[in-house]
Amino acid sequence: FIGLWVLTTPVTQGLYQEIMKENPSRFLNKQAPVEMISFWESIRFCSAFAEYLSIPCGFDFPNMKQKDLEENPQTSNQKPVQPTKISLFSGKHKSSKNNTLEVNESTKIEIATEGIRLLTLDEWMYVGRCNRKFMFSGSNFAHRVAWTRENSQQTQNVRRLYPNGWGLYDMSGNVWEWVDINDNSYKGTKGGSWWYGKNQMIQGYNATKPKNMSAVYIGFRCAKDFKN
């Protein structure tokens, strides 16, 4: 049996600051979702968070060869590292192992069998709906579960509104959440945000964005596979 652990909230600024030692958000608040996050930055966080917890990263990087490590002067003295072990960080933050490879448009990223990663589109839809037929995640009434432009002018503390039936907060509204889809140039976002109206919070609504896009209304949520 393979299951899925999902963070009960989007990654908060407090957690992001603890792991990455920086906070790119415009609306500074440790209890609110981190924002101004591109798809690539969410991948770097997953890898850093996995290393912080001493568990695998949930992404494979099959087109990263060992020569990438050997040609990087900051990692040239390190022992050979397999692609699934590579830790990815921005230039402002380095791991204790000093692996500072950058992901970019040429990096191929695949879901691994275990480890911390983003949700796929189908997984997000499944845990968002939690076997219910609500219009929004947890309710047919947006104001009960979602921060939208009708009730907010910026990101809000997580957990302030009602969760869905599986205890997940802010699946609708607050910030769009990056999800992993098979597209070379774009990635998906789900859930809508405080910047948008409630029609974008409907669970069936999908929005694709360039992978290098960051905005005050885009964040992410982590997940981890487990075997029973």
Side-chain angles (χ1 to χ4, degrees), residues 4-55 57-58 89-90 92-93 116-119 123-124 127-128 130 134 136-139 141-179 187-198 200-201 203 207 209 213-224:
L4 187 69
W5 293 107
V6 180
L7 282 184
T8 56
T9 72
V11 172
T12 62
Q13 295 178 36
L15 178 58
Y16 193 91
Q17 175 77 44
E18 173 68 20
I19 302 303
M20 304 302 288
K21 310 305 180 189
E22 62 182 6
N23 183 2
S25 303
R26 294 279 181 87
F27 302 113
L28 296 178
N29 178 355
K30 289 184 177 180
Q31 299 302 315
V34 68
E35 20 91 358
M36 295 299 296
I37 295 293
S38 70
F39 174 78
W40 299 120
E41 288 163 331
S42 71
I43 296 298
R44 294 186 188 106
F45 176 88
C46 289
S47 182
F49 194 24
E51 183 171 14
Y52 180 85
L53 297 174
S54 298
I55 60 177
C57 178
F89 294 90
S90 66
K92 294 182 180 179
H93 179 61
I116 293 179
R117 57 178 176 81
L118 302 178
L119 292 159
E123 289 168 344
W124 196 101
V127 300
C130 59
F134 292 133
F136 311 100
S137 183
S139 177
F141 302 97
H143 69 276
R144 292 177 59 86
V145 294
W147 296 108
T148 73
R149 68 184 178 196
E150 284 85 7
N151 61 2
S152 182
Q153 295 182 338
Q154 65 179 66
T155 55
Q156 300 290 333
N157 287 13
V158 298
R159 298 176 184 264
R160 284 188 62 190
L161 300 179
Y162 290 98
N164 71 9
W166 288 348
L168 302 180
Y169 293 83
D170 300 278
M171 290 290 287
S172 295
N174 220 348
V175 290
W176 289 99
E177 298 180 12
W178 287 110
V179 295
K187 287 296 177 181
T189 55
K190 292 290 295 182
S193 77
W194 66 270
W195 184 276
Y196 290 79
K198 63 183 181 181
Q200 280 73 37
M201 317 297 153
Q203 294 191 78
K209 297 176 174 63
M213 178 179 175
S214 61
V216 293
Y217 48 79
I218 302 177
F220 66 105
R221 185 184 305 252
C222 294
K224 180 187 179 300

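Legend: residues meeting side chain to side chain donor-acceptor pair (under 3.5 Å) with R26, ordered by chain and number and at least two apart, are absent.
The ring-ring contact (aromatic ring centres under 6.0 Å, His included) analysis of residues 4-28, with sequence neighbours excluded, yields the pairs W5-F226, Y16-F45, F27-W194.
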Worked check of side chain to side chain contact (heavy atoms under 4.5 Å, CB included) between M36 and S25: CA-CA 5 Å; M36 295 299 296; S25 303; 5.6 Å; no
Intermediate values then yes/no, side chain to side chain contact (heavy atoms under 4.5 Å, CB included), V127 and M171: CA-CA 9 Å; V127 300; M171 290 290 287; 3.8 Å; yes
Is there a side chain to side chain contact (heavy atoms under 4.5 Å, CB included) between Y217 and Y196? Walk through the geometry before answering. CA-CA 9 Å; Y217 48 79; Y196 290 79; 3.8 Å; yes
Where do E41 and S38 land on the side chain to side chain contact (heavy atoms under 4.5 Å, CB included) test, with the steps shown first? CA-CA 5 Å; E41 288 163 331; S38 70; 3.3 Å; yes
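Side-chain contact of N164 with S137: a donor-acceptor pair under 3.5 Å is present, judged by distance alone. With 3.5 Å as the limit, one finds no donor-acceptor pair spanning the side chains of K198 and T148. Using modelled atom types and a 3.5 Å distance limit, the side chains of N23 and Q17 yield no donor-acceptor pair. No side-chain N or O of T8 forms a donor-acceptor pair with one of R221 less than 3.5 Å apart.
For the pair F39/M213, no side-chain contact is recorded, criterion being any heavy-atom separation below 4.5 Å from C-beta on. Between N29 and T155 the shortest side-chain heavy-atom distance does not fall below 4.5 Å. Side-chain contact between V158 and Y169 is absent, with no heavy atoms from C-beta onward closer than 4.5 Å. Between I218 and S193, the closest side-chain pair of non-hydrogen atoms is not below 4.5 Å. Residues V175 and F220 are not in side-chain contact: their nearest non-hydrogen atoms beyond the backbone lie 4.5 Å or more apart. Side chains of P163 and L168 form no contact here, defined as non-hydrogen atoms less than 4.5 Å apart. Residues K224 and I55 are in side-chain contact: their nearest non-hydrogen atoms beyond the backbone lie under 4.5 Å apart.
Here the closest heavy-atom approach between residue P24 and residue I37 is recorded as CG-CD1, 3.6 Å. The shortest non-hydrogen separation linking K209 to T189 is NZ-OG1, 2.7 Å. Nearest heavy-atom pair, A146 versus M201, reported as atom, atom and distance to 0.1 Å: CB-CG, 4.5 Å. Scanning all heavy atoms of the two residues, the minimum distance from L118 to E123 falls at O-OE1, 4.4 Å.
Interatomic distance, CD of Q156 versus CD of Q153, reported as 9.5 Å (0.5 Å rounding). In this structure, CH2 in W195 is found 12.0 Å from CD in Q154, a value given to the nearest 0.5 Å. Taking CZ of R144 as the start and CG of N151 as the end, the distance is 13.0 Å to the nearest 0.5 Å. Atom-to-atom distance recorded for L4:CG and L119:CG is 6.0 Å, nearest 0.5 angstrom. One finds the CD atom of E177 at 8.0 Å from the CG atom of D170 (value rounded to the nearest 0.5 Å). Considering NZ of K187 and CD1 of I43, their distance stands at 7.5 Å, rounded to 0.5 Å.
Taking a 6.0 Å sphere around NZ of K30, one finds it holds 12 or fewer heavy atoms contributed by other residues, nucleotides or ligands.
Judged by the 6.0 Å distance and 45° axis criteria, K190 is not positioned over the aromatic ring of W176.
For the pair Q203 (side chain) and F134 (backbone), a donor-acceptor distance under 3.5 Å is present.
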